[in-house]
Each structure stands twice: as C-alpha cells, then as structure tokens.
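Just so we're on the same page: letters track the sequence lines, and every chain starts at 1.
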2 protein chains.
Amino acid sequence: MSARNTGVPALLNAALPRPVPSDEHDQCPVTDVLRRIGDKWTVLVVVLLGQRPHRFNDLHRGIETISQRMLTRTLRGLAEDGLVHREVLPTNPPSVEYSLTRLGRSLLEPLSILAEWAIENQPVIAASRRIHNPPSSKG
Amino acid sequence: MSARNTGVPALLNAALPRPVPSDEHDQCPVTDVLRRIGDKWTVLVVVLLGQRPHRFNDLHRGIETISQRMLTRTLRGLAEDGLVHREVLPTNPPSVEYSLTRLGRSLLEPLSILAEWAIENQPVIAASRRIHNPPSSKG
DNA sequence: CAGGATCCTCTCTGATACTG
DNA sequence: CAGTATCAGAGAGGATCCTG
C-alpha cells in the first residue's frame with residue numbers, strides 16, 4: 001500500500017503550478033499521447049498487435065468496420081510515433097507485417113490499467129448519463 | 001513481480017478473442033473513456049479540479065487559451081459522466097463551483113500512470129517523429 | 001459571474017474508385 | 001496484397017455577440 005492508496009497521485013499533483021502554461025499545454029506529452037490513443041481505432045489496433053503481428057488485410061478483416069483509409073492512417077500514426085514497426089516482406093505479391101515495438105508493448109501496461117478503470121466504472125458512468133439524459137421525462 | 005513484470009497485461013490479452021466485435025467496439029467502455037479524455041481540454045480540467053474545486057471563471061483564467069464554449073462543453077461532459085460535480089452557490093451574483101466526484105478522483109490514478117508513461121517516453125516518441133518527418137531532406 | 005446562441009474553420013471518419 | 005486519391009458528412013474547436 002505504497003502508491004496504491006494515494007488518493008491523488010503525486011505526479012499530477014506536483015505538475016501545473018502556474019496559472020496556465022497555454023502553449024505548454026499543446027506540447028504536453030500527456031495531452032499528446034491522449035490525443036493519439038483517443039481516436040477511434042488506435043487502441044484496438046494496438047491491442048490486436050499486442051497479441052501477435054498482423055498483416056494489413058489481416059487487421060482489416062480483424063476489425064471489419066474499419067475502412068482501409070483509417071487503418072492506413074492509424075498504422076501510419078503509430079509507426080510515426082515508434083509504437084509500431086512496419087516491415088515489408090519479400091513475398092510475391094509483397095506483404096507487409098505490422099508489429100508492436102518495445103515502446104508499443106510498454107504502452108500496453110498503462111493502457112490496461114486505464115482499461116481496467118473504464119470497465120470497472122462503466123456502470124456508474126452509464127447510470128450518470130442516464131440521469132443527465134433522461135430518455136423522456138414522462139410521456 | 002506479479003502483474004508488474006507481465007509483458008502483456010492479462011486484461012488486454014484475454015479480451016477480443018473474436019474476429020471483430022464491430023458494434024461492440026462502439027460500446028466498449030475503454031474506447032468510450034479514451035474518447036472522452038482524448039479531447040483537447042478534459043484531462044487538464046480534471047487535473048486542475050483534482051488540486052482543488054474551481055469556479056467557472058477560475059478555470060477559465062487558469063487555462064487562458066480555452067474558450068468559454070469549450071470550457072462549458074468540457075465541464076458539461078464531465079458532469080454528465082459523473083466525474084465532476086456542479087454546484088450553484090447562493091451568492092450574488094450566483095457563482096458555480098466545480099469539483100471532482102469520487103469517481104472523478106479515482107480516475108486520477110490510472111491517468112497518472114499513463115501520464116508517467118507519456119513523460120518517460122516523450123523523448124523516444126519525439127525522436128521517432130523526427131525520423132519519420134525529416135525537417136527537410138537536404139536541399 | 002456563468003454561461004447560451006451563432007457562425008466559421010479544421011480535423012476525423014467513412015465510402016468509393018483506382019494503382020503497383 | 002497493400003495501399004493512394006478524392007469527395008462528402010459529422011463533430012471538435014474557436015471567435016464573437018448576447019443574457020439573466
């Protein structure tokens with residue numbers, strides 16, 4: 001019970017002592033990461049690649065509702081950040097294999113913790129939404 | 001070294017056994033949470049409220065570059081999900097105090113872990129981006 | 001003080017068609 | 001197979017003006 005029982009984590013508490021860094025917010029690594037994994041498909045792709053490497057159409061079939069365009073963009077963004085490794089295999093026709101880098105795999109841990117929180121508190125959040133968005137206040 | 005040394009967290013590994021839940025992805029609580037905190041201001045507001053309760057213009061001044069519109073929307077979303085409590089104080093003119101709920105405070109923990117990861121790996125990510133986005137491949 | 005209403009811009013996302 | 005290019009719609013985000 002060292003850091004587990006800390007109500008307010010030290011890291012977030014120590015930061016932001018000023019009125020408002022303004023442009024510092026744009027360059028904040030936390031904001032940066034959140035905006036990358038906060039899109040529609042990134043996390044799902046990361047999780048799938050966390051299970052095993054995938055080829056492009058392998059992922060495409062694996063997700064079904066994702067468009068090639070978004071899959072391409074998602075993989076591109078992940079590769080650009082060094083979370084995913086893209087390797088062209090010398091087959092015929094050429095195939096491309098995507099896999100998590102060490103950095104990408106390391107993201108799985110904090111992600112799983114957040115996922116655990118989300119799953120655990122889903123009912124509370126859903127209930128709160130129902131209260132604030134009554135289906136219809138009596139008909 | 002129970003869960004700390006696990007390369008791939010059990011939670012994420014156990015999930016998604018199927019080809020692709022498709023609509024299940026839209027209702028996934030993890031995706032849901034990520035899309036809420038993945039926007040531009042939510043996390044910053046949560047962190048500020050994690051330090052102490054704030055009034056509306058208190059937050060507005062505290063962030064500076066946020067528009068009233070986005071601050072309103074952000075607080076609204078957070079209150080709707082039950083992460084933030086909105087209380088109208090009987091002052092004249094009326095003031096409104098925002099504070100984290102217990103649910104909101106509980107989010108600080110997983111958030112700080114992700115923040116720690118982001119800060120720790122920021123240099124690697126930035127370096128990867130520079131490699132993939134050369135400022136100009138020589139003239 | 002704490003917003004609401006309106007207008008505008010940009011990005012995300014998706015559907016479709018085409019290519020090496 | 002693994003993409004690229006283009007078009008179109010929805011939502012995020014911001015600026016400005018107005019209100020109780």
Side-chain angles (χ1 to χ4, degrees), chain A residues 20 22-23 25-26 28 31-45 48-49 53-81 84-99 132-133, chain B residues 20 22-23 25-28 31-45 48-49 53-81 84-99 132:
Chain A
V20 175
S22 148
D23 60 77
H25 177 248
D26 294 341
C28 174
T31 296
D32 190 63
V33 166
L34 281 171
R35 288 185 75 97
R36 172 155 298 290
I37 68 177
D39 71 347
K40 193 169 185 179
W41 303 110
T42 292
V43 167
L44 181 53
V45 169
L48 286 178
L49 293 182
H54 285 69
R55 300 236 311 271
F56 185 87
N57 280 328
D58 198 1
L59 283 171
H60 196 191
R61 281 186 297 269
I63 303 186
E64 277 290 316
T65 53
I66 195 174
S67 57
Q68 306 102 329
R69 171 182 162 79
M70 287 316 297
L71 181 53
T72 299
R73 287 175 63 95
T74 300
L75 289 169
R76 220 174 230 280
L78 286 170
E80 200 173 290
D81 281 8
V84 158
H85 174 66
R86 176 182 188 272
E87 186 171 8
V88 181
L89 303 177
T91 58
N92 196 332
S95 53
V96 179
E97 186 180 87
Y98 292 94
S99 56
H132 289 262
N133 292 324
Chain B
V20 177
S22 149
D23 61 76
H25 177 249
D26 295 341
Q27 302 165 0
C28 173
T31 296
D32 190 63
V33 166
L34 281 171
R35 288 186 75 98
R36 172 157 298 290
I37 68 177
D39 72 346
K40 192 168 185 179
W41 304 109
T42 292
V43 167
L44 181 54
V45 168
L48 286 177
L49 292 182
H54 284 70
R55 300 236 310 273
F56 185 87
N57 280 329
D58 198 1
L59 283 172
H60 197 192
R61 279 185 300 268
I63 302 187
E64 277 289 316
T65 53
I66 195 174
S67 58
Q68 303 102 333
R69 172 184 162 79
M70 286 317 295
L71 181 54
T72 299
R73 287 174 64 95
T74 301
L75 289 169
R76 220 175 229 280
L78 286 169
E80 200 173 290
D81 281 8
V84 158
H85 174 66
R86 177 182 188 272
E87 185 170 10
V88 181
L89 303 176
T91 58
N92 195 334
S95 53
V96 180
E97 186 180 87
Y98 292 93
S99 56
H132 290 262

Asp58(A) vs Thr74(B), nearer the 5' end of DNA chain D by closest nucleotide: Asp58(A)
Report each atom pair, protein N/O against N/O of nucleotides 5-10 of chain D, whose distance is under 3.5 angstrom.
none

Within this structure, what is the [atom1]-to-[atom2] distance between [X] and [N], rounded to whole angstrom?
X: Arg76(B); N: dA12(D); atom1: CZ; atom2: P; answer: 14 Å
X: Phe56(A); N: dT19(C); atom1: CZ; atom2: C1'; answer: 14 Å
X: Arg35(B); N: dC12(C); atom1: CZ; atom2: C1'; answer: 8 Å
X: Leu59(A); N: dG3(D); atom1: CG; atom2: P; answer: 10 Å
X: Arg73(A); N: dG3(D); atom1: CZ; atom2: C1'; answer: 14 Å
X: Asp39(A); N: dG13(D); atom1: CG; atom2: C1'; answer: 17 Å
X: Ile63(B); N: dA2(C); atom1: CD1; atom2: P; answer: 14 Å
X: Leu71(B); N: dT16(D); atom1: CG; atom2: P; answer: 18 Å

Quick one: does [X]'s side chain get under 4.5 Å of [Y]'s, heavy atoms only?
X: Leu78(B); Y: Thr42(B); answer: yes
X: Arg86(B); Y: Leu75(B); answer: no
X: Lys40(A); Y: His25(B); answer: yes
X: Thr74(A); Y: Leu59(A); answer: no
X: Val45(B); Y: Ile63(B); answer: yes

Please report the shortest heavy-atom distance between [X] and [Y], naming the atom on each side.
X: Ser95(A); Y: Arg55(A); value: CB-NE, 3.1 Å
X: Arg35(A); Y: Gly38(B); value: CG-O, 3.4 Å
X: Arg36(B); Y: Asp39(B); value: O-OD1, 3.3 Å

Angle between terminal axes - the helix from dC1(C)-dG20(D) to dG20(C)-dC1(D), 5 pairs each end, rounded to 10°: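 The angle, to the nearest 10 degrees, is 50°.
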Worked verdict on Asn57(A) versus Arg61(A) for side-chain contact (heavy atoms from CB on, under 4.5 Å): CA-CA 6 Å; Asn57(A) 280 328; Arg61(A) 281 186 297 269; 3.7 Å; yes
Within residues 85-92 of chain B: residues closer than 4.0 Å to DNA chain C (heavy atoms): Arg86(B)
Under 4.0 angstrom between Lys40(B) side-chain N/O and dT11(C) OP1 or OP2: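 Answer is no, no contact under 4.0 Å.
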Under 4.0 angstrom between Tyr98(A) side-chain N/O and dG3(D) OP1 or OP2: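 It does, given that an N or O in the side chain of Tyr98(A) lies less than 4.0 Å from OP1 or OP2 of dG3(D).
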Worked verdict on Thr65(A) versus Asp26(B) for side-chain contact (heavy atoms from CB on, under 4.5 Å): CA-CA 10 Å; Thr65(A) 53; Asp26(B) 295 341; over 6 Å; no
Listed nucleotide nearest any side-chain atom of Arg55(B), set dC1(D), dC1(C), dT13(C): dC1(C)
Asn57(A) side chain, from C-beta outward: closest of dG14(C), dG14(D), dC1(D): dC1(D)
Exam field: side chain His132(B) to backbone Gly77(A), donor-acceptor pair closer than 3.5 Å: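 Pair absent, no side-chain N/O of His132(B) close to backbone of Gly77(A).
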Parallel, tilted or perpendicular: rings of Phe56(A) and Tyr98(A) (30°, 60°):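 Taking Phe56(A) first and then Tyr98(A), their aromatic rings sit tilted (interplane angle of 30° to 60°).
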